[in-house]
**Q** 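Structure in structure tokens, see below.
Chain naming here is simple, since letters A, B, ... match the order of the sequence lines and numbering starts at 1 in each. Every heavy atom of this structure was used, including side-chain atoms; hydrogens, water molecules and symmetry mates were not.
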Number of protein chains: 2
Amino acid sequence: MTDLNKLLTPLFLSEKEIRKIIELIFFSYREFTLGPDEILNKINYGRAHHRVIYFVGKQNNITIKDLLGILKITKQSLSRVLNQLVKEKYILVSIGEDKRTKKLCLTQKGLDLEAKLSKIQIDKIKSIINDAKESDINGFKKILYSMIDEKSKKIFNKINE
Amino acid sequence: MTDLNKLLTPLFLSEKEIRKIIELIFFSYREFTLGPDEILNKINYGRAHHRVIYFVGKQNNITIKDLLGILKITKQSLSRVLNQLVKEKYILVSIGEDKRTKKLCLTQKGLDLEAKLSKIQIDKIKSIINDAKESDINGFKKILYSMIDEKSKKIFNKINE
DNA sequence: TTATTTAGGTCAGTCATATTGACTTAATTA
DNA sequence: TAATTAAGTCAATATGACTGACCTAAATAA
């Protein structure tokens with residue numbers, strides 16, 4: 001980078017500063033999932049189980065198709081995880097009005113696990129919010145939202161209608 | 001939640017709003033790694049290879065021990081990935097002054113791949129910065145930093161001295 | 001100088017996440 | 001009736017990561 005370019009590039013836009021953001025994303029995401037992962041590990045579950053439980057809890061009576069649309073994994077990948085959760089009675093399956101579809105919902109056991117896992121992340125965010133300025137939180141949310149592709153934005157907005 | 005509690009809890013602190021943040025983190029992180037992952041996939045590499053290449057590029061002549069300290073994975077996990085990168089000449093290994101240690105650095109081939117992978121993420125952040133207010137970016141960075149545990153903060157600060 | 005610690009490596013086994021590809025069944029819809 | 005859709009399944013493969021047990025060589029502490 002030439003001295004002229006350095007002069008023209010605002011400090012907050014320099015590659016060095018951008019690389020710091022990349023690292024912050026790496027470190028913070030790892031930290032964010034660490035707590036739930038430890039609990040999941042004890043019952044021989046993983047990140048995928050949390051995701052399924054989370055979105056089934058969010059969207060009661062969600063179909064397999066819609067869940068796949070959120071998670072963006074293959075049917076075969078979901079199958080393994082979901083079958084475990086159903087077999088171990090965290091999730092209950094019923095037939096939809098369209099009899100080709102299935103509706104998923106959390107059992108009390110599932111609700112308990114969901115609450116336990118999400119509480120760690122919710123508490124973490126709560127404590128950050130308490131220590132931060134509201135404008136910083138709003139900046140954080142805005143940037144996160146702008147990082148998402150259009151299709152996922154639609155899904156995000158749909159599940160938060 | 002009682003009506004009184006609702007009154008006392010600022011809107012931006014409600015569980016519903018916090019769950020939105022959890023989802024934003026999930027969607028945005030997935031989107032953020034998608035581009036590099038597609039390139040890595042073509043050469044039969046994965047996320048782990050990007051991380052190793054990234055931090056070796058960041059910290060020239062880093063030792064195995066320090067790399068493990070950043071990645072927080074086991075020696076055995078790093079071994080598989082690193083051996084591939086060395087065998088395929090993305091990374092060069094030399095002996096440190098302390099002859100028990102090894103120093104890692106990127107070859108030209110490694111530098112090229114690192115640049116190609118990171119460019120996608122850097123460009124993404126650049127474009128977000130261009131469209132966002134500086135205060136929002138600063139809020140984003142502050143919140144990310146506050147999400148990290150103390151040990152990782154120390155590592156982050158050390159590699160950015 | 002010997003004993004201990006440290007840095008790095010390795011072998012073996014296991015588990016979790018996810019993929020591609022090929023099929024099947026049953027219900028809905030054109 | 002034909003085509004599409006939702007869901008499921010079998011098989012093989014790759015990646016990422018773990019535990020546990022060992023080993024070597026170099027540096028450092030007793």
**Q** Using a distance-only test with no angle check, is there a side-chain donor-acceptor pair under 3.5 angstrom linking Ser135(B) and Asn138(B)?
**A** no
**Q** When you measure from the side-chain N and O atoms of Arg80(A) to the phosphate of dT17(C), is any distance below 4.0 Å, counting only OP1 and OP2?
**A**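 True: Arg80(A) side-chain N/O within range (under 4.0 Å) of dT17(C) OP1/OP2.
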**Q** May I ask you to verify if any side-chain N or O of Thr101(A) is less than 4.0 angstrom from the OP1 or OP2 atom of dA6(D)?
**A**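 It does not, given that no N or O in the side chain of Thr101(A) lies less than 4.0 Å from OP1 or OP2 of dA6(D).
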**Q** When the distance from CG of Leu67(B) to C1' of dG8(C) is rounded to whole Å, what number comes out?
**A** 13 Å
**Q** Ignoring hydrogens and geometry beyond distance, is the side chain of Lys75(A) in donor-acceptor contact with the base of dA7(D) at under 3.5 Å?
**A**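 A donor-acceptor contact between them is present.
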**Q** Select from Gly46(A) and Lys103(B) the residue whose nearest nucleotide in DNA chain C is closer to the 5' end of that strand.
**A** Lys103(B)
**Q** Is the phosphate of dT19(C) approached by Thr74(A) (side-chain N or O, under 4.0 Å from OP1 or OP2)?
**A**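 For dT19(C), OP1 or OP2 has a side-chain N or O of Thr74(A) closer than 4.0 Å.
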**Q** Return the value, rounded to whole Å, for the distance between atom CG of Leu71(A) and atom P of dA18(C).
**A**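 Taking atom P of dA18(C) as the reference, CG of Leu71(A) is at 8 Å.
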**Q** Between dA27(D) atom C1' and Ile95(B) atom CD1, what is the distance in whole Å?
**A** 15 Å
**Q** Would you kindly check if the NZ (Lys) or CZ (Arg) of Lys153(A) is within the cone defined by 45 degrees around the ring axis of Tyr145(A) and under 6.0 Å from the six-membered ring centre?
**A**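 The answer is yes, since Lys153(A) meets both limits relative to Tyr145(A).
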**Q** Side chain of Arg100(A), heavy atoms from C-beta onward: which of dT4(D), dT5(C), dT17(C) has the nearest atom to it?
**A** dT4(D)
**Q** Quick check for you: to the nearest 0.5 Å, what is the distance between Gln84(A) atom CD and Tyr45(A) atom OH?
**A**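 Rounded to the nearest 0.5 Å, the CD-OH separation comes to 6.0 Å.
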**Q** For Ala48(B) and for Lys99(B), find the nucleotide of DNA chain D with the closest heavy atom, then tell me which residue's nucleotide is more 5'.
**A** Ala48(B)
**Q** Write down the distance between CG (Asp98(A)) and C1' (dA26(C)), rounded to a whole number of angstrom.
**A**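 One finds 11 Å between C1' of dA26(C) and CG of Asp98(A), rounded.
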**Q** When you measure from the centre of the six-membered ring of Phe32(A), is the NZ or CZ of Lys124(A) closer than 6.0 Å and no more than 45° off the axis?
**A** no
**Q** For Leu68(A) and dT19(C), what is the distance between atoms CG and C1' respectively, to the nearest whole Å?
**A** 14 Å
**Q** If the cut-off is 4.0 Å, is Lys72(A) near the phosphate of dA18(C), judged by side-chain N/O to OP1 or OP2?
**A** no
**Q** dA18(C), dA26(D), dA17(D): which one has an atom nearest the side-chain heavy atoms of Arg51(A)?
**A**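 Nearest nucleotide to the side chain: dA18(C).
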**Q** Nearest to the side chain of Asn44(B), heavy atoms from C-beta on, is which of dT15(D), dT5(D), dT5(C)?
**A**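 Of dT15(D), dT5(D), dT5(C), dT15(D) is nearest to the side chain of Asn44(B).
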**Q** Closer than 4.0 angstrom, basic N to acidic O: yes or no for Glu15(B) and Lys126(A)?
**A**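 So Glu15(B) does not pair with Lys126(A) through a salt bridge.
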**Q** Go through the structure and list residues passing side chain to side chain contact (heavy atoms under 4.5 Å, CB included) with Glu97(B), not counting sequence neighbours.
**A**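 For Glu97(B) the side chain to side chain contact (heavy atoms under 4.5 Å, CB included) partners, ignoring immediate neighbours, are Lys103(B).
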**Q** Is Lys102(A) near enough to dA7(D) that one of its side-chain N or O atoms lies under 4.0 angstrom from OP1 or OP2?
**A** no
**Q** May I ask you to evaluate whether Ser77(A) reaches the phosphate of dT19(C), defined as a side-chain N or O under 4.0 Å from OP1 or OP2?
**A** yes
**Q** Distance check needed: dA18(C) C1' versus Asp37(B) CG, whole Å only.
**A**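 Whole-Å distance recorded here is 12 Å.
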**Q** Using heavy atoms to find the nearest nucleotide of DNA chain C for Tyr45(A) and Ile73(A) separately, return the residue whose nucleotide is more 5′.
**A**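 It is Tyr45(A), whose closest nucleotide lies nearer the 5' terminus.
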**Q** Is there a side-chain contact between His49(A) and the phosphate of dT17(C), meaning an N or O under 4.0 Å from OP1 or OP2?
**A**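 Yes, within the criterion.
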**Q** Counting side-chain heavy atoms from CB outward, which of dG8(D), dG8(C), dT6(C) is closest to Ile64(A)?
**A** dG8(D)
**Q** Confirm from the modelled atom types if Gln76(B) and dG8(C) form a donor-acceptor pair under 3.5 Å, side chain to base only.
**A**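 Not at all, since no donor on one side and acceptor on the other fall under 3.5 Å apart.
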**Q** Could you tell me the separation between the CG atom of Asn41(B) and the C1' atom of dT13(D), rounded to a whole number of Å?
**A** 12 Å
